Amino acid sequence: MNKAFTPDPRIETLRNAITEAQRFIRLATIAKDSLAKEQQGGNGNKDHAAAKRSSMDLTNALVPVRNPNKTR
């Protein structure tokens with residue numbers, strides 16, 4: 001009897017974390033460039049806010065990588 005192949009769920013977890021990391025790097029680079037053009041003393045902008053949100057999403061994507069027994 002042949003068992004059906006079941007892929008390792010850790011692969012999908014890592015793929016998700018990699019995707020979020022790439023998204024964060026892209027948005028952080030945009031925010032850095034945008035803030036560099038802004039006058040000093042500015043309070044950020046939409047690009048900076050998007051990078052912060054992406055940072056939180058990356059943190060959430062890393063939780064199952066660190067502790068696969070806990071789910072969100």
Side-chain angles (χ1 to χ4, degrees):
M1 184 172 10
N2 290 336
K3 288 186 177 181
F5 175 73
T6 55
D8 190 334
R10 295 175 296 179
I11 294 172
E12 187 60 33
T13 299
L14 289 172
R15 280 188 185 136
N16 185 40
I18 290 167
T19 299
E20 289 299 332
Q22 290 170 334
R23 180 173 159 255
F24 169 71
I25 291 169
R26 181 177 52 82
L27 291 172
T29 301
I30 292 169
K32 176 184 61 86
D33 294 342
S34 179
L35 289 172
K37 295 175 188 173
E38 201 175 88
Q39 286 187 348
Q40 193 151 6
N43 61 351
N45 55 32
K46 66 179 182 148
D47 295 326
H48 186 249
K52 285 173 64 174
R53 176 65 211 177
S54 179
S55 170
M56 290 187 283
D57 293 341
L58 174 56
T59 297
N60 289 335
L62 290 171
V63 169
V65 173
R66 294 183 194 122
N67 190 352
N69 296 326
K70 290 192 177 183
T71 58
R72 290 190 136 229

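All of these numbers come straight from a predicted model, not from anything done at the bench.
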- Message: Which heavy atom of Ser54 sits nearest to which heavy atom of Glu20, and what is that distance?
- Response: OG-O, 4.3 Å

- Shortest non-hydrogen separation from Arg66 to Thr59 and the atoms involved: NH1-O, 4.3 Å

- Over all atoms of both residues, closest heavy-atom pair of Val65 and Ala17: CG2-CB, 4.0 Å

- Query: Between atom CD1 of Ile11 and atom CG of Asn16, what is the distance when rounded to the nearest 0.5 Å?
  - Reply: 14.0 Å

- Could you grab the distance from atom CD of Gln22 to atom CZ of Arg26, nearest 0.5 Å is fine? 10.0 Å

- Item | Atom pair NZ/NZ of Lys32 and Lys37 - distance to nearest 0.5 Å | 10.5 Å

- Item | Side chain Thr29, main chain Ile25, donor-acceptor under 3.5 Å | yes

- Query: Once you round to the nearest 0.5 Å, how far does CG of Asp57 lie from CG of Leu62?
  - Reply: 11.0 Å

- Task: Output the distance between atom OG1 (Thr19) and atom CG (Leu14), rounded to the nearest 0.5 Å.
- Result: 10.5 Å

